[in-house]
2 protein chains.
Amino acid sequence: MKDAQERTATSPEHTRVSDIESHDCRAVSGILQRIGDKWSVLIISRLGEGSRRFNEIKRMIGGISQRMLTLTLRNLERDGLVKRTVTPTVPPRVDYELTDLGKELLIPVQALGAWAIEHTPCITAARARFDAAEAAETPQQQRVSTG
Amino acid sequence: MKDAQERTATSPEHTRVSDIESHDCRAVSGILQRIGDKWSVLIISRLGEGSRRFNEIKRMIGGISQRMLTLTLRNLERDGLVKRTVTPTVPPRVDYELTDLGKELLIPVQALGAWAIEHTPCITAARARFDAAEAAETPQQQRVSTG
DNA sequence: CCGAATCCGACTTGATACTG
DNA sequence: CAGTATCAAGTCGGATTCGG
């Protein structure tokens with residue numbers, strides 16, 4: 001509780017940016033930032049296969065630190081997306097699994113995932129094209145004319 | 001180009017985290033971080049209605065700085081999601097619109113958006129519950145037992 | 001009107017060490 | 001095994017300023 005930086009940073013007072021028209025989009029944006037935070041989707045996907053233990057998840061993902069795993073898991077739990085079950089045995093055991101809400105989220109997330117997998121080559125190609133074009137014109141021009 | 005910090009930060013060499021099984025998930029994660037970066041979804045949504053000018057988007061979203069709008073738009077353009085059209089008139093005019101790829105992305109994004117709008121109350125409630133429970137046990141205990 | 005460049009604060013992420 | 005605490009670095013985002 002010292003830093004108070006690890007929780008959600010959505011300022012409740014700052015929500016009224018301009019008008020009511022954007023409240024839908026902000027909701028979407030908020031969800032996307034929660035699940036788009038680099039680890040959440042990976043975890044949710046793994047958990048979609050079934051209940052998993054802490055280090056099991058850690059091992060499956062590979063590259064995540066305990067800190068980030070704990071943090072992400074707690075945020076997910078906080079949002080009611082995953083359920084945490086502790087078994088106070090001598091070697092402590094904690095299992096995580098998706099809640100019904102989490103399982104529902106899995107559906108649109110996987111849809112997006114399917115899109116991503118299908119179109120990643122397109123995006124990669126687009127980036128290559130863009131970078132090439134940028135590199136070709138930067139030395140002398142801004143971004144207009146040339147042809 | 002001084003800082004070179006504004007472009008994508010996905011390390012190409014670091015992609016091989018552990019094994020091949022996670023390559024799908026990392027693709028999803030990558031896409032999610034692109035579109036989950038606080039402004040992309042808002043912009044894509046607005047652009048889904050049709051072609052828009054720079055300050056038009058800025059005004060519609062409200063709360064975004066030129067810097068972020070420019071940056072986000074360029075990243076989106078780089079990924080082949082939006083098309084940029086300049087009209088070199090005396091007051092410069094630049095229009096942005098979704099490409100076909102962008103329009104396709106709009107579909108799963110809107111699905112996720114629908115989910116978000118529908119379940120935001122659930123999540124908010126879950127958060128409230130979690131925070132209340134946390135506040136009730138933190139003063140003396142960690143996260144186990146209590147009852 | 002569109003956008004680039006700079007400065008700077010805040011949040012995020014990670015490495016490491018320590019506890020139960 | 002599971003989780004916390006601390007510290008350092010990297011990235012993001014915003015205000016401001018300047019140019020076409």
Side-chain angles (χ1 to χ4, degrees), chain A residues 1-11 14 17 29 32-34 36-40 42-43 52-59 61-75 77 84-96 134 137-138 140-145, chain B residues 1-11 14 17 29 33-40 42-43 52-59 61-77 84-96 134 137-138 141-145:
Chain A
M1 284 307 193
K2 287 83 186 172
D3 300 355
Q5 68 171 90
E6 311 292 22
R7 191 67 77 219
T8 324
T10 36
S11 351
H14 191 63
V17 279
S29 197
L32 271 159
Q33 284 198 73
R34 159 78 358 122
D37 69 349
K38 185 176 187 182
W39 298 117
S40 294
L42 289 306
I43 294 174
R52 295 280 185 252
R53 296 185 59 176
F54 187 88
N55 275 330
E56 209 171 351
I57 303 171
K58 187 171 184 301
R59 208 168 307 274
I61 293 181
I64 188 172
S65 55
Q66 305 96 310
R67 177 183 162 73
M68 277 303 107
L69 184 53
T70 303
L71 242 39
T72 308
L73 244 16
R74 282 192 65 123
N75 277 326
E77 185 193 4
R84 189 182 113 121
T85 311
V86 301
T87 311
T89 52
V90 184
R93 178 195 178 99
V94 184
D95 290 271
Y96 294 89
E134 177 196 49
E137 66 185 30
T138 299
Q140 41 179 349
Q141 319 216 27
Q142 305 303 330
R143 309 195 67 232
V144 291
S145 59
Chain B
M1 286 305 192
K2 285 83 188 172
D3 299 355
Q5 66 169 93
E6 311 293 23
R7 190 67 78 217
T8 323
T10 36
S11 353
H14 192 64
V17 279
S29 197
Q33 284 198 72
R34 158 91 26 225
I35 68 172
D37 69 349
K38 187 178 187 180
W39 298 118
S40 294
L42 288 308
I43 293 173
R52 296 278 185 254
R53 296 187 57 177
F54 186 87
N55 276 330
E56 208 171 350
I57 302 171
K58 188 170 184 298
R59 208 167 308 273
I61 293 181
I64 188 174
S65 56
Q66 305 96 310
R67 175 182 162 73
M68 277 304 108
L69 184 52
T70 304
L71 242 39
T72 308
L73 245 15
R74 281 193 65 123
N75 276 327
L76 258 22
E77 185 194 4
R84 189 180 113 122
T85 312
V86 300
T87 312
T89 52
V90 184
R93 177 194 179 100
V94 183
D95 290 271
Y96 294 91
E134 177 197 49
E137 66 184 32
T138 299
Q141 319 216 28
Q142 302 306 328
R143 308 196 68 229
V144 290
S145 59

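A note on names: the letters A, B, ... follow the listed sequences, proteins ahead of strands, and every chain is numbered from 1.
- Shown here are the side-chain hydrogen bond (donor to acceptor under 3.5 Å, both in side chains) partners of B:T72, two or more places apart in sequence or in another chain: there are none.
- Residue A:R93 contributes atom CZ, which lies 8 Å from atom P of D:dA2 at whole-angstrom precision.
- Residue A:R67 places no side-chain N or O under 4.0 Å from the OP1 or OP2 atom of C:dT16.
- Taking the side chain of B:S65 as heavy atoms from C-beta on, and the options D:dC1, C:dC1, D:dG14, the nearest nucleotide is D:dG14.
- Of the listed nucleotides (C:dG20, D:dG3, C:dG14), D:dG3 has the atom at the smallest distance from the side chain of A:Y96.
- Judged by closest nucleotide on DNA chain C, A:I64 is the one of A:V90 and A:I64 placed further toward the 5' end.
- A straight line from CG of A:D37 to P of D:dC12 spans 14 Å, rounded to a whole angstrom.
- Taking 4.0 angstrom as the limit, B:K58 places none of its side-chain polar atoms (N or O) nearer than this to OP1 or OP2 of C:dG3.
- Closest to the B:Q66 side chain, of the nucleotides C:dT13, D:dT4, D:dT17, is D:dT17.
- Regarding A:R84, its CZ atom lies at a distance of 8 Å from the C1' atom of D:dA2, rounded to whole Å.
- Separating the CD atom in A:E77 from the CD atom in B:E134 is a distance of 10.0 Å, to the nearest 0.5 Å.
- Considering all non-hydrogen atoms of both residues, B:S40 and B:R34 come closest at OG-O, 3.0 Å.
- Listed nucleotides D:dT4, D:dG13, D:dC1 differ in distance to A:R74; the shortest reach to its side chain belongs to D:dT4.
- The side chain of A:V94 has D:dG3 as its nearest neighbour among D:dG3, D:dG13, C:dT13.
- Separating the CG atom in A:D37 from the CG atom in B:D37 is a distance of 13.0 Å, to the nearest 0.5 Å.
- OP1 or OP2 of D:dG14 has at least one side-chain nitrogen or oxygen of B:K38 nearer than 4.0 Å.
- If A:T70 and A:Q33 are placed on DNA chain D by their nearest nucleotide, the residue sitting closer to the 5' end is A:T70.
- Counting only heavy atoms from C-beta on, B:M68 has its side chain closest to D:dG13 among D:dG13, C:dG3, D:dG20.
- Here the C1' atom of nucleotide D:dG3 and the CG atom of A:N55 are 10 Å apart, to the nearest Å.
- The side chain of A:R53 lies closest to D:dA2 when the candidates are D:dA2, C:dA4, C:dT16.
- Counting to the nearest Å, the P atom of D:dC12 and the CG atom of B:L69 are 17 Å from each other.
- Remark: C1' of C:dC1 and CD of B:E56 are 12 Å apart, rounded to the nearest angstrom.
- When the nearest nucleotides of DNA chain C are assigned to A:P92 and A:W39 by heavy-atom distance, the more 5′-ward of the two goes with A:W39.
- To the nearest angstrom, C1' of C:dG3 lies 15 Å from CG of B:N75.
- One atom, CZ of B:F54, and another, P of D:dG20, lie 18 Å apart when rounded to the nearest Å.
- Checked against side-chain contact (heavy atoms from CB on, under 4.5 Å), B:R53 has the following partners two or more places apart in sequence or in another chain: B:E56, B:R93, B:D95.
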request  = Take A:L71 and A:M68 through the test side-chain contact (heavy atoms from CB on, under 4.5 Å) and record every step on the way to the result.
outcome  = CA-CA 5 Å; A:L71 242 39; A:M68 277 303 107; 3.5 Å; yes
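- Checked against D:dC1, D:dG13, C:dG14, the side chain of A:R59 finds its nearest nucleotide in D:dC1.
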